[in-house]
Structures are given as C-alpha cells and as structure tokens.
Amino acid sequence: MKAVINNEDWEMNYITDSGEEVKRMEKANVLFDMFVKNNKQFAEPGAQFIDTIKRYSNSDYLGSDDWKVKGSNACSEQFLEFKKDKSCGLCVLASANYLYLVKFKDNEKAIKFLRYEVAPSMLRFQDNIVEMEIRDKRYPIEEQLHSLKNLRRVGIGITNVDGYLIENEIGYDTDEGIDLIFKLTDSLNLGLYETSIKLGKEKGNFLAFNKENYIQSPFIKQMIERHKLEFDTMRNVCVSSIAPTGTLSLVLKKAYTWGIEPNTALWW
C-alpha cells in the first residue's frame, strides 16, 4: 500500500508447480487498480493483508508454530491456525446487536452497558460453547479438538451499527459518528478481555497460555498501555472479531444494515 501511495514499482514473485521462481516488476498503483476493478466485477468483498493480520494475531506470539495463523474462515473475520496432523482452528462466533442500545437514550450509559453487561454475558456464553464442543465431541476432526483445548479461540463482534446511529440521528460518516462507534466498540472489546482474564482465574487458562509470550502481541501491548490490563491469566487466546453479519442479520426483527452482504426482497 505504501508503494501504491508513493507510485513505486512492486516486485511480484511466485513459485511455479515445477519449482521455478518467477519475478516481475510492475507499477504498484497499476496492480492495485486492476485488483479493485476485478473485485467489483466479481463481487469480491476486499483484501486480506496477511502481514498486518499476523502482526496483530495473539496466537502468533505463543512460542509455537502450531498456533500461527495460516488463513481465514470463509467470511474472513477470523484467522485460524493450521498445522498438518497437529492443529486446526475453528470458529466460535457471535455478534451484539447495537440497535438495542437505543433504549438508554444516553450514549455514555450504552458504552458502560456494553462493557459491564453485554461483554461478560457473551464471552461466558461463547466459552461455554467451546466447553460443550470439547465435552460432547462436536468437532469434525481431531486437530480441531487440539485447537479448542489449547486456544479456546472465540470471536464476538457487532451488527446493526448504522441502526443505532440512525436512531440517534447521527451520520455514519461524521466525526461524531466515528467517535461514537470507536467508544462503543472499544468498550465492548475491553469488557471481553476483562472477562476472559476473570474466567482464567475462575476456570483456568487456555492450555497454550504463557504470559511472557502472550504480552509480546502488539494487540495485547496496546490493551496494557491504554487500559492498564494485567494478563496474569487468560481463558481465551482472542475474544473479539468483526464479521460481515449478512446472514446473521436476517434473524433480526429490525435491522438497518447487513454489513457488506445485501439482503433483497425482505418481507414480514
């Protein structure tokens, strides 16, 4: 992306099936323009910046290649580990419907409600799902059981954000709207991590947890710096994840937006 902004050349390289290494130089902005046009033409949702993803992946700092993320689930909201005959990540996901927050008629109360009520409830619910999957053997392959026990990875996100803003008569692209979304989501994420720390004390850490390794994650470092959290315990390797929520939003009685997945011909 820096090369695109600076109109620089970019070296493309790949290995053919025969093992030959192929390299070619091209203007970065030409490549990016082709990428954007093809995404639009074939209805692709976007791009995965794997370097950034791995840099902020908590599991990549646990000291073992078993837990380094290799790719994402189908919707791209959760990056997962994979090592042949060893580990294989899986998704345990949920999303909070922000539209219910309008009942408070006060943004500060909504922010606190997410941290102290919604986050603990959802995180405990998701961790219980992990426990049930382990107990009742609800996983397709043994490698996923290995990941469930060692990471207890969950991902809690949000939906109907624009609905909350519309009800509050706040523009989605305004400074006020952007600031409010940040505060709401930061509060939810903080509550999730606080709850996972508490659950670690109550029920035990995820098996691969090692404090010295875990706090090397840049994402965890900013949680320590900004919120003064202490990660002496941790129940889940990660707790938050923002999904497209297109299909999920179909179950909502009132939804203004469905992420990047459009719904058509809706009727009640």
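All values below were derived from every heavy atom in this structure, side-chain atoms included, with hydrogens, water molecules and symmetry-related copies excluded.
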Over all heavy atoms of both residues, which pair between [X] and [Y] is shortest? Give the atoms and the distance, please.
{"X": "L31", "Y": "M12", "result": "CD2-SD, 3.6 Å"}
{"X": "A119", "Y": "L188", "result": "CB-O, 3.7 Å"}
{"X": "Y98", "Y": "N160", "result": "CB-O, 3.9 Å"}
{"X": "S76", "Y": "Q48", "result": "OG-NE2, 2.8 Å"}
{"X": "L190", "Y": "M223", "result": "CA-CE, 4.1 Å"}
{"X": "L151", "Y": "A208", "result": "CD2-CB, 4.1 Å"}

Task: Other cluster members, F49 - Ile/Leu/Val/Met/Phe/Trp/Tyr, side-chain contacts below 4.5 Å - done: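 Members besides F49, by chain and number: M1, V4, F32, F35, V36.
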Should the pair [X]-[Y] be classified as a salt bridge under the 4.0 Å nitrogen-to-oxygen rule?
{"X": "K84", "Y": "E143", "answer": "no"}
{"X": "R55", "Y": "D51", "answer": "no"}
{"X": "R24", "Y": "E26", "answer": "yes"}
{"X": "R235", "Y": "D127", "answer": "yes"}
{"X": "R124", "Y": "E202", "answer": "yes"}
{"X": "E81", "Y": "K83", "answer": "no"}
{"X": "K112", "Y": "E117", "answer": "no"}
{"X": "K68", "Y": "D65", "answer": "yes"}

Would you say [X] has more than 12 foreign heavy atoms packed within less than 6.0 Å of its [atom1]?
{"X": "N7", "atom1": "CG", "answer": "yes"}
{"X": "K221", "atom1": "NZ", "answer": "yes"}
{"X": "F231", "atom1": "CZ", "answer": "yes"}
{"X": "F104", "atom1": "CZ", "answer": "yes"}
{"X": "E212", "atom1": "CD", "answer": "no"}
{"X": "M34", "atom1": "CE", "answer": "no"}
{"X": "K54", "atom1": "NZ", "answer": "yes"}
{"X": "K27", "atom1": "NZ", "answer": "yes"}

TODO: Quickly, which of D232, N205, T233 forms a side-chain hydrogen bond (donor to acceptor under 3.5 Å, both in side chains) with K211? Name it, please.
DONE: D232
Which distance, rounded to the nearest 0.5 Å, do you find between the [atom1] of [X] and the [atom2] of [Y]?
{"X": "S240", "Y": "M122", "atom1": "OG", "atom2": "CE", "value": "11.5 Å"}
{"X": "K23", "Y": "N13", "atom1": "NZ", "atom2": "CG", "value": "6.0 Å"}
{"X": "Y193", "Y": "C238", "atom1": "OH", "atom2": "SG", "value": "6.0 Å"}
{"X": "C88", "Y": "L80", "atom1": "SG", "atom2": "CG", "value": "7.5 Å"}
{"X": "L180", "Y": "D175", "atom1": "CG", "atom2": "CG", "value": "12.5 Å"}
{"X": "Q78", "Y": "N73", "atom1": "CD", "atom2": "CG", "value": "7.0 Å"}

Are [X] and [Y] close enough that a side-chain donor and a side-chain acceptor fall under 3.5 Å?
{"X": "S72", "Y": "E77", "result": "no"}
{"X": "N97", "Y": "T159", "result": "no"}
{"X": "S87", "Y": "D66", "result": "no"}

Task: Test item: D186 side-chain N/O and F182 main-chain N/O as donor-acceptor pair under 3.5 Å - done: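 No; judged by distance alone, with no hydrogens or angles, the pair does not exist.
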Open item on the list: Using a 3.5 Å distance criterion without hydrogens, assess whether the side chain of T195 forms a donor-acceptor pair with backbone atoms of G191.
Closed with: yes
Report yes if some heavy atom in the side chain of [X] is under 4.5 Å from a heavy atom in the side chain of [Y]; otherwise report no.
{"X": "R152", "Y": "E131", "answer": "yes"}
{"X": "I141", "Y": "Q144", "answer": "yes"}
{"X": "V154", "Y": "L93", "answer": "no"}
{"X": "F206", "Y": "M234", "answer": "yes"}
{"X": "L90", "Y": "E133", "answer": "yes"}
{"X": "S95", "Y": "I158", "answer": "no"}
{"X": "Y164", "Y": "N107", "answer": "yes"}
{"X": "Y116", "Y": "I111", "answer": "no"}

Open item on the list: Which residues pass the side chain to side chain donor-acceptor pair (under 3.5 Å) test with Q222, not counting sequence neighbours?
Closed with: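 Scan of Q222 (side chain to side chain donor-acceptor pair (under 3.5 Å), adjacent residues dropped) gives R226.
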TODO: Might you work through the side-chain contact (heavy atoms from CB on, under 4.5 Å) test for D60 and W67, ending with a clear yes or no?
DONE: CA-CA 6 Å; D60 274 48; W67 314 126; over 6 Å; no
Task: Criterion salt bridge (charged side-chain N to carboxylate O under 4.0 Å, His left out) against E194, the qualifying member of K201, R115, K228 - done: R115
Open item on the list: Is there a path of hydrophobic side-chain contacts, each under 4.5 Å between heavy atoms, that joins F82 and L145?
Closed with: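 Unlinked, F82 and L145 end up in two clusters.
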Task: Same apolar cluster: V69 and F209, side chain cutoff 4.5 Å - done: no
Open item on the list: Testing I166, I181, I178 one by one against Y172 for a side-chain contact (heavy atoms from CB on, under 4.5 Å), which residue passes?
Closed with: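 Only one option passes, and that is I181.
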Task: Chi angles and distances behind the side-chain contact (heavy atoms from CB on, under 4.5 Å) call for K37, K40 - done: CA-CA 5 Å; K37 288 180 178 178; K40 181 176 184 295; 5.9 Å; no
Task: is_close_aromatic(F113, Y100), centroid dist under 6.0 Å - done: no
Open item on the list: Between Y214 and Y61, is the ring centroid distance below 6.0 Å?
Closed with: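 That pair fails the under 6.0 Å test.
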Task: Pair N189-I156, side-chain contact (heavy atoms from CB on, under 4.5 Å): steps then yes or no - done: CA-CA 8 Å; N189 183 67; I156 293 168; over 6 Å; no
- [ ] Apply side-chain contact (heavy atoms from CB on, under 4.5 Å) to L62 and N210, showing your working.
- [x] CA-CA 7 Å; L62 296 178; N210 176 287; 5.9 Å; no
